[in-house]
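Quick notes on the structure that follows.
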Protein chains: 2
Amino acid sequence: MPSPVRPSPDNGDLAPKQRVQDEIRRDIILGTLPAGTRITETALAKKYGISRVPVREALHALEAEGFVESKPFAGSTVCAIPVDDADDLFAVREALESATARRAAEQAAAQFASGAPDERWWRIRKELAKILDDGDVAVQRDELHRLPELNMRFHLGIAELSGSASLAGLLRQIANKIEWLYASDVGSRGKQAWAEHRAIMAAIDAGHSGDAEGAMGRHVHKSREGYMRRFSGK
Amino acid sequence: MPSPVRPSPDNGDLAPKQRVQDEIRRDIILGTLPAGTRITETALAKKYGISRVPVREALHALEAEGFVESKPFAGSTVCAIPVDDADDLFAVREALESATARRAAEQAAAQFASGAPDERWWRIRKELAKILDDGDVAVQRDELHRLPELNMRFHLGIAELSGSASLAGLLRQIANKIEWLYASDVGSRGKQAWAEHRAIMAAIDAGHSGDAEGAMGRHVHKSREGYMRRFSGK
DNA sequence: TTTAGAACGATTGTATGCAATCCAAGTGAA
DNA sequence: TTCACTTGGATTGCATACAATCGTTCTAAA
């Protein structure tokens, strides 16, 4: 049996490589490892009590994700927060998520049309339902610190529902960077943003691809404006 | 001295890991390794005469790029060509490259304004000049098979010129997938598309960020329409 | 004092060996 | 026949050992 409750997602049963990768990424996003920090495989291996090999693979993956930069035979350093790219990243995200929402709606329509229920589709759909419920509870109880993670899982879930692995992969990358942009100011995207998720989900469930695309586009656009207003002062 | 001419980019002096990674990606894009092909580390290690470790890292990188899919303890398989995602990938690329072109123009303006010349900037700018010249020569001689690679290098070069590592990284990912979409039909994007590159470069050099953004956006949009017309029959 | 050059330490890159895991074929009894 | 179980092979995941490379520092000569 898994532990009944996970206060912080420790992922104790994951493969060491994945565990280390998630841990380092988290440390970078939360600022525990500030930009410019030098990272060596040996030090991390000792810290986590494992060999260099999984650490090495984790670091390479994080390099592909844009969190660390490594030079051959010279070690890795933590990249700078892409704060200058914020507006552009949001622009790309807007195009990307509009597409995933529309495709998710198309998938939903196909799902209800054909009599053959797709196991995978229903699993994701049920998970999204739970995410929405959890978010509503969090809003009611004013536990806004839980929203960022739930928000990310919602958007990635929609991407999964779209059935497109390449779009979902791209979104994962951008979502990580945007989470990094919000840094420690995590609890501020607010209740209004969360409320919009229900409308997006409803449009997808109804199979209204145009509505879903539009709702998601406006939703992301508001996020973008909110961010730029608060952080960039524009 | 490096070999004077490289008929096909063999990259004989790169690190084994990088070499293998590029080779496998190329085999996948060109169709030598069709979708669904099973890939094992041992087989590749024997094929390239190296150990499993660099092969393993190359495969993980290709998984992050979306070319192969691996399951724990079960091996990897070549992913399917994301042909259904073509239109969406082009849409994302349009947003992305509009941003890189605008930022590249801003960088150019800053470059000419301040008296301090940036070594890196000029290196990339000179490389772009050479790419443009090579492309023109290829067009004049009707060697259209050379255009796809030059085209990719031009667009990635503009991204480098933008100075944004995160945007450049995203474009690399999308560009790989789009090259995959064109598959073996590589020589067909035509002379007209290439001619537009000069106008984009001129707008960037002039520091006209709006013009650069617009020209690049229209350029990519035409590519998108061309692709969808020829391949998707829409 | 300055500078060219060599030697050293630190770090990554690669190779090999072993452990963990999964899948499928085979085996036995109901 | 069918189904549960075992068992074997194949494959990846990890640990350890060694080789290649880069920066720096120290030295010695101009």
Side-chain angles (χ1 to χ4, degrees), chain A residues 1-2 10-25 27-28 33-79 119-120 165, chain B residues 1-2 10-25 27-28 33-79 119-120 165:
Chain A
M1 283 293 274
D10 58 333
N11 302 331
D13 50 351
L14 257 62
K17 173 203 158 187
Q18 198 64 40
R19 192 171 59 91
V20 172
Q21 184 174 335
D22 293 345
E23 188 81 18
I24 300 174
R25 190 195 300 110
D27 284 345
I28 293 177
L33 292 175
T37 304
R38 186 118 187 285
I39 297 180
T40 66
E41 299 175 0
T42 313
L44 287 174
K46 207 162 76 174
K47 173 178 175 184
Y48 291 103
I50 58 181
S51 97
R52 267 182 52 215
V53 178
V55 171
R56 176 181 177 72
E57 298 191 345
L59 278 180
H60 283 147
L62 289 172
E63 185 182 13
E65 291 181 19
F67 284 103
V68 306
E69 186 179 22
S70 28
K71 291 190 174 181
F73 300 99
S76 309
T77 56
V78 177
C79 289
E119 166 57 34
R120 178 185 134 85
Chain B
M1 283 293 273
D10 57 332
N11 303 332
D13 51 351
L14 257 62
K17 172 203 159 188
Q18 199 64 40
R19 193 170 59 92
V20 172
Q21 184 174 333
D22 293 345
E23 188 81 17
I24 300 175
R25 191 195 299 110
D27 284 344
I28 293 178
L33 292 175
T37 305
R38 186 120 185 285
I39 297 181
T40 68
E41 299 175 1
T42 313
L44 287 174
K46 206 161 76 176
K47 173 180 177 186
Y48 291 102
I50 58 180
S51 98
R52 268 181 50 215
V53 178
V55 171
R56 177 182 176 71
E57 297 192 346
L59 278 180
H60 283 148
L62 288 172
E63 184 183 13
E65 292 180 18
F67 284 102
V68 307
E69 187 179 23
S70 27
K71 290 189 174 180
F73 301 99
S76 309
T77 56
V78 177
C79 289
E119 166 57 33
R120 179 185 132 86

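Chain A is the first sequence line, chain B the second, and so forth, proteins listed ahead of strands; every chain is numbered from 1.
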Nucleotide by nucleotide, nucleotides 13-22 of chain C touches protein heavy atoms under 4.0 Å in the pattern (B base, S sugar-phosphate only, - none) BBBBB--BS-
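- Rounded to whole angstrom, the span from the OH atom of A:Tyr48 across to the P atom of D:dC14 amounts to 15 Å.
- Annotation: the span from B:Thr40 atom OG1 to B:Arg52 atom CZ amounts to 9.5 Å, rounded to 0.5 Å.
- A 4.5 Å side-chain heavy-atom check between A:Ile28 and A:Thr37 finds every atom pair outside the cut-off.
- B:Glu69 has its CD atom 16 Å from the C1' atom of D:dT12, to the nearest Å.
- Residues B:Val68 and B:Leu33 fail the side-chain proximity criterion, which asks for heavy atoms closer than 4.5 Å.
- With rounding to the nearest 0.5 angstrom, the CG atom of A:Leu62 is 6.0 Å from the CZ atom of A:Arg25.
- To the nearest angstrom, C1' of D:dT12 lies 14 Å from CD1 of B:Ile39.
- For the pair A:Phe67 and A:Asp27, the minimum side-chain heavy-atom distance is 4.5 Å or more.
- Considering A:Glu63, A:His60, A:Arg56 as possible partners of A:Ser70, the one that fulfils the side chain to side chain donor-acceptor pair (under 3.5 Å) test is A:Glu63.
- In this structure, A:Arg38 atom CZ and D:dC22 atom P are separated by 15 Å, rounded to whole Å.
- Rounded to an integer number of Å, the gap from A:Arg19 CZ to D:dG13 C1' is 14 Å.
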